[in-house]
Amino acid sequence: MSTDSIDSLLTENRRFAPDPAFVADAVATPELYREAADDRLAFWERQARELVSWHVPFTEVLDWTNAPVARWFGDGRLNVAYNCLDRHVDAGNGDRVAFHWEGEPGDTRTITYAELTAEVKRAANALAALGVGQGDRVAIYLPLVPEAVVAMLAVARLGAVHSVVFGGFSAESIRSRVDDAQAKVVITADGGWRKGRVFPLKPAVDAALAGATSVTDVLVVRRGENEVEWVHGRDHWWHDALDAADPEHEAQGFEAENPLFILYTSGTTGKPKGILHTSGGYLTQVAYTHKNVFDLHPETDVFWCTADVGWITGHSYVVYGPLANGATQVLYEGTPDTPHPGRWWEIVEKYGVSIFYSAPTAIRSAMKLGRQIPQGFDLSSIRLLGSVGEPINPEAWIWYRDIIGAGTAPVEDTWWQTETGAIMIAALPGITTLKPGSAQTALPGIRVDILDENGGRVAPPRGGLLAVTEPWPSMLRGIWGDHARFVETYWSKFSDPDAGRWIYFAGDGAHVDADGDITLLGRVDDVMNVAGHRLSTQEIESALVSHPIVAEAAVVGASDEMSGQAVVAYAIVKERHRAEHSDAEFETVLKQHVASEIGAIARPRQIYFVSELPKTRSGKIMRRLLRDVAEGRPIGDTTTLADPAVMKLIEDLSGSPATTSITTTVPTRKT
Ligand code: WT7
């Protein structure tokens, strides 16, 4: 993207200086920036000591000798669950509400810190009874019910490692994750509520565990009350296991680098990467960012992050950050529009949500429905808004502030990734003058740069590649079982190991303006971002070619007004199957196939059937061209037009022989 278009993107240079009333009581102070600039490690040391309770205090802050695998606070010991639970109870805050949980059908549960602690203790004992101990992996496949949080914390309490698989993923996805991590136990539910209906979960787990598996036991939460099949000896009801468990459980300290969780995310190749996070550094940075970026006043605020715990946002800003800080939260099981389009705003009003953290796609959908829907509710409790997952366009930013935030709430655009574990780039409320559309600057303690292809720093105002130039506490410690891929994916582009220079390549394009503010421009690799969820083009291509009728497939992320990007596929049907069905029938079958291979979020918006895929001489699919077609741009470049493969594509899609003068767009098929 050119500098010109960035300037127009940041509409009319609108700026919002911090509101003096907000500043007066703001958590973050300019001192944070100064302190971190003076001595970064001393800064993190202070955060780690203030925000985390250590069973054994650390003496060493960072050990980077084994780069790019960092050790933070390496000789300290802690229990992450103790930090999220017992210590708040011990401090006299046991009666504080941890969660106002709201089920989609309207059932509710209020859970205090004391109650949450008690339940996690029982769950930890129940897991220990199944043989789960330090380092063992436990897969979690649940709807957004309190048990999901309890399960994660119980695993953490034992020093074991959770791998949460988003409830929308398929049996196939569960299988590959369980196998990769060699999970011992799976925690699931009979089903959950979504869009007014119970969707079954256990059948996917049953299918995933068919055949040889590392899993010995399955705990099943009763939620949907749908009928389930039962494997005797393997399956146990969660409530029975907890009832039978000892209520007392003393949290033991584990080393700061003890693995806390694996979370799988899509990369450029077909196989999802198991991103590994550890304990002390992760907890420090999620607590630090949650407190300062969201201006958390735990005694009075009600925080609501709308993410599911199946994603990193849910790990860091539903579970670990807010609970470490003793926050009161809202947790909502269902979709924003069930049973009516104002459901989210009704929940904000009901619980007096003061800090609301969501995704641009959700904001754009609310915008499309119209302001009268949120305006039908009392949203006056809201005083700060957050956004994450994809770039937020200035129009959506301003609508969000005006309509949801009464025109006064700071809007925090937060850039980070599954790999970074916690927020990296964001304004600080009460300090930063906000610039709609820009994530702005690295947080105190974080160092980022915008680099050119050769690793040189670009001179602002200019675009380039986003890099993190110094290690940070919540950084990933690796890809589970694949050190080579870890080094190759993140550390090979800009690092110079011989010179001891390690630079993290984020995979995002970014622009830095004359003020030093950073605007994210989207992925520069073959990773798509659909409604804030990361999908790999190759993973969907593999899913498509795994269907017997498909000979070859190519997938691109095409820009989409609502979801940022949408999945658009091109497929070649095998010659012998072509006559069997119409394109429309093939399309339905293949969309369903992708959904069952990966999950509904990966379902293509559109599939074009072609007889050839345009490739370069070296055999690489010309994705840019396919993206042009998918986005309805003319294919006008004469060098590509001279290519017979491109001519063939144009012919396929326009239904008439191409002539060299073709620059018309391919008709978009309504699907
Ligand atoms: C990718 C990471 C971090 C939690 C949710 C997604 C994109 C994330 C922003 C933002 C522009 C953003 C990037 C990044 N992204 N936040 N504020 N502005 N882009 O986590 O699935 O690991 O995806 O999401 O492209 O690389 P994830």
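When a ligand or atom number is given, it counts from 1 through the structure's own listing order. Just so it is clear, the structure is predicted and the values come from calculations on it, not from any experiment.
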Would you call the rings of Y400 and F356 parallel, tilted or perpendicular if under 30° counts as parallel and over 60° as perpendicular? perpendicular
Should the pair Y320 and Y282 be assigned to parallel (<30°), tilted (30 to 60°) or perpendicular (>60°) ring geometry? perpendicular
Quick check on P391 - does any of its heavy atoms sit under 4.0 Å from an atom of ligand 1? yes
Shortest reach to atom 23 (O) of ligand 1 by a heavy atom, considering only M528, E419, R534, E412: R534
E390, R523, M424: member with heavy atom nearest to atom 18 (N) of ligand 1: E390
Proximity of [X] to ligand 1 by residue part, where a heavy atom lies under 4.0 Å:
{"X": "N529", "answer": "side chain"}
{"X": "T418", "answer": "both"}
{"X": "T414", "answer": "backbone"}

Which of the ligand 1 atoms, numbered from 1, are nearer than 4.0 Å to a heavy atom of G389: 5 (C), 7 (C), 8 (C), 9 (C), 12 (C), 15 (N), 16 (N), 24 (O)
Show which atoms of ligand 1 fall inside a sub-4.0 Å distance from at least one heavy-atom site of D413. 10 (C), 17 (N)
Checking a contact table here: which protein heavy atom is nearest atom 5 (C) of ligand 1, and how many Å away? T313 OG1, 3.5 Å
Counting non-hydrogen protein atoms only, what is the nearest one to atom 26 (O) of ligand 1? Give residue, atom name and distance. D508 OD2, 2.5 Å
If you compare all heavy atoms of I431 against all heavy atoms of P30, which two are closest, and at what distance to 0.1 Å? CD1-N, 3.5 Å
Pair K435 + D515, salt bridge at N-O below 4.0 Å: yes
